[in-house]
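Single-structure report; data block below.
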Amino acid sequence: MGRARRARRIAATAAYGGGGLAATAGALGALGYGLIKVEARIARRIVGRPFDGAPDDDRTYGAGVGTAIDVVMLGDSSAAGMGADTGEQTVGGIVCGGLAALTGRPVRLTNEAVIGSESGDLERQLANALDRLDRAPDVALILVGANDVTHRIDRSTAVRHLEGVVRRLRGGGTEVVVGTCPDLGTVQPIPHPLKALLRRWSRDLAAAQTVAVVEAGGRTVSLGDLLGAEFETSPAVLFSKDQFHPSPAGYARVAAVLLPTVCAALGIWTAPGQATDRMPLPRRGEAQAETKRCIGW
């Protein structure tokens, strides 16, 4: 079965309940599942844990004038910025700095991402973010999925949680950009065949996230498609010293592929006479509801 069909099946299951991760694990058989468990223990020993947390990037970026653009960041350790040294090096910090430079307006970041989070934690993060703001944010940026894969969360359940948060945000008038689950097969310490299995699971989850998010009115950027090969060939540069989380250079690459889509969602970077809501570019890993048929969903 192709990835697009698997993604559609996962997303459909998310809408009605139930799931497929247990079935996938069952298909491995007892011997294969035992091997995977052994390799997972090996990988956990190799992958370091040198970070106590993530840098604080909650602040206003830019010295411009006018009403601040409110950006909310939700998700897991990649959204929190674990592996970065300063707040300016996180995905949220880089994206907000870019928005401030492009618009000449201040950009206020409210980051409620929590290290170790799964998609089921997004609703609580969103509630915390909205409690801190006096109006609906202009755009929400979500990075989530890796922990759903490594914690063996049912994919349809994970997608259902993500879709619910996207619908709530869009219902309040907030634009949403989701960086879909990264390709975990690029993490060097993970051995085969676990690497191949995690690659398939993470890419299947990313595809299902795209289906659900665009149908809920949000936009997605496929981090695995755009950056997977680059992270795999340059691990010393793009991964941090724990060999799992991105380095400052890795976060810069993630932010670079997300920023154009955030700008498009906000109507920035448009030429005279061009529609403010530009069409998504499949070659950039982008998707939104109006053109999902064009990219095979």
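One-based numbering along the sequence shown.
- Atoms OG1 and CD, from T180 and Q209 in turn, are 6.0 Å apart once rounded to the nearest 0.5 Å.
- Smallest separation of non-hydrogen atoms from P137 and L130: CD-CD2, 3.8 Å.
- Of all heavy-atom pairs between A80 and A54, the closest is O-CB, 3.4 Å.
- Inspection of the N111 and D57 side chains reveals an N or O donor paired with an N or O acceptor under 3.5 Å.
- Rounded to the nearest 0.5 Å, atoms CD (Q243) and CD1 (I190) are 10.5 Å apart.
- In terms of modelled atom types and a separation under 3.5 Å, the side chain of K195 and the main chain of T186 share no donor-acceptor contact.
- A donor-acceptor contact shorter than 3.5 Å is absent between the side chain of Y61 and the backbone of V95.
- The cluster map of Ile, Leu, Val, Met, Phe, Trp and Tyr, joined by side-chain heavy atoms under 4.5 Å apart, puts I94 and L227 in different clusters.
- Formation of a donor-acceptor pair under 3.5 Å by the T233 side chain with backbone atoms of A229 is found in this model.
- Of the possible donor and acceptor atoms, one in the side chain of D242 sits under 3.5 Å from a partner among the backbone N and O of H245.
- V213 places none of its side-chain heavy atoms less than 4.5 Å from the side chain of R219.
- Using a 4.5 Å heavy-atom cutoff, the side chains of T220 and V177 are not in contact.
- S234 places no side-chain N or O within 3.5 Å of a backbone atom of V237 that could act as its donor or acceptor partner.
- What you find for A84 and P248 is that their closest heavy atoms are CA-CG, 4.2 Å.
- Here the closest heavy-atom approach between residue G179 and residue L258 is recorded as CA-CD2, 4.0 Å.
- S240 OG to M82 CE: the interatomic distance, rounded to the nearest 0.5 Å, is 8.0 Å.
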- Query: So V72 and L133, side-chain contact (heavy atoms from CB on, under 4.5 Å) or not? Walk me through it.
  - Reply: CA-CA 10 Å; V72 163; L133 298 171; 3.7 Å; yes
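- Counting all heavy atoms, side chain and backbone alike, A100 lies closest to V107 at N-CG2, 3.5 Å.
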- Check step by step if side-chain contact (heavy atoms from CB on, under 4.5 Å) holds for V178 and V221. CA-CA 6 Å; V178 175; V221 176; over 6 Å; no
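- Atom CG of L126 and atom CZ of R168 lie 4.5 Å apart (nearest 0.5 Å).
- Under 4.0 Å is where a charged nitrogen must lie from a carboxylate oxygen, and between R167 and E215 no such pair does.
- For the salt bridge (Lys or Arg N to Asp or Glu O under 4.0 Å) condition, no pair includes a residue of residues 73-85, sequence neighbours left out.
- E230 has its side chain within reach of R253: a pair of non-hydrogen atoms, C-beta onward, lies under 4.5 Å apart.
- In this structure, D58 pairs ionically with R132, as a charged nitrogen and a carboxylate oxygen lie closer than 4.0 Å.
- The structure places CZ of R108 at 9.5 Å from OG1 of T67, a figure rounded to the nearest 0.5 Å.
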- Verdict with supporting geometry, L74 and V144, side-chain contact (heavy atoms from CB on, under 4.5 Å): CA-CA 8 Å; L74 308 175; V144 75; over 6 Å; no
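- Although no hydrogens or angles enter the test, the distance criterion places no donor-acceptor pair under 3.5 Å between the side chain of E163 and the main chain of R160.
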- Message: V257 vs L223, test: side-chain contact (heavy atoms from CB on, under 4.5 Å). Steps then yes/no.
- Response: CA-CA 8 Å; V257 300; L223 300 181; 3.8 Å; yes
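- Checked by atom type and distance alone, the side chain of R105 never pairs as donor or acceptor with a backbone atom of L102 at under 3.5 Å.
- Residues R155 and D204 meet the side-chain proximity criterion, which asks for heavy atoms closer than 4.5 Å.
- When side chains are defined from C-beta on, L266 counts as touching L99, because their heavy atoms get closer than 4.5 Å.
- One N or O on the side chain of T90 and one on the backbone of G93 form a donor-acceptor pair closer than 3.5 Å.
- In this view, E118 and D121, N147, D148, H151, I153 satisfy the side chain to side chain contact (heavy atoms under 4.5 Å, CB included) rule, not counting sequence neighbours.
- Listed by first and then second residue, the ring pair (Phe, Tyr, Trp, His ring centres under 6.0 Å) pairs that reach into residues 213-238 are F231-F239, sequence neighbours excluded.
- The side-chain heavy atoms of W201 and L197, taken from C-beta on, include a pair separated by under 4.5 Å.
- Using modelled atom types and a 3.5 Å distance limit, the side chains of Q125 and S117 yield a donor-acceptor pair.
- If you take OG1 on T110 and CG on N128, they are separated by 11.5 Å, rounding to the nearest 0.5 Å.
- In this structure a side-chain-to-backbone donor-acceptor pair under 3.5 Å is present from S247 to L238.
- Follow the hydrophobic side-chain contacts under 4.5 Å out from V114 and you never reach L141; the two are in separate clusters.
- Side-chain atoms of R170 come within 3.5 Å of backbone atoms of T174 as a donor-acceptor pair (strictly under, hydrogens ignored).
- Minimum heavy-atom separation, L109 to G92: CD2-C, 3.7 Å.
- Counting heavy atoms from C-beta on, the side chains of D138 and V71 never come closer than 4.5 Å.
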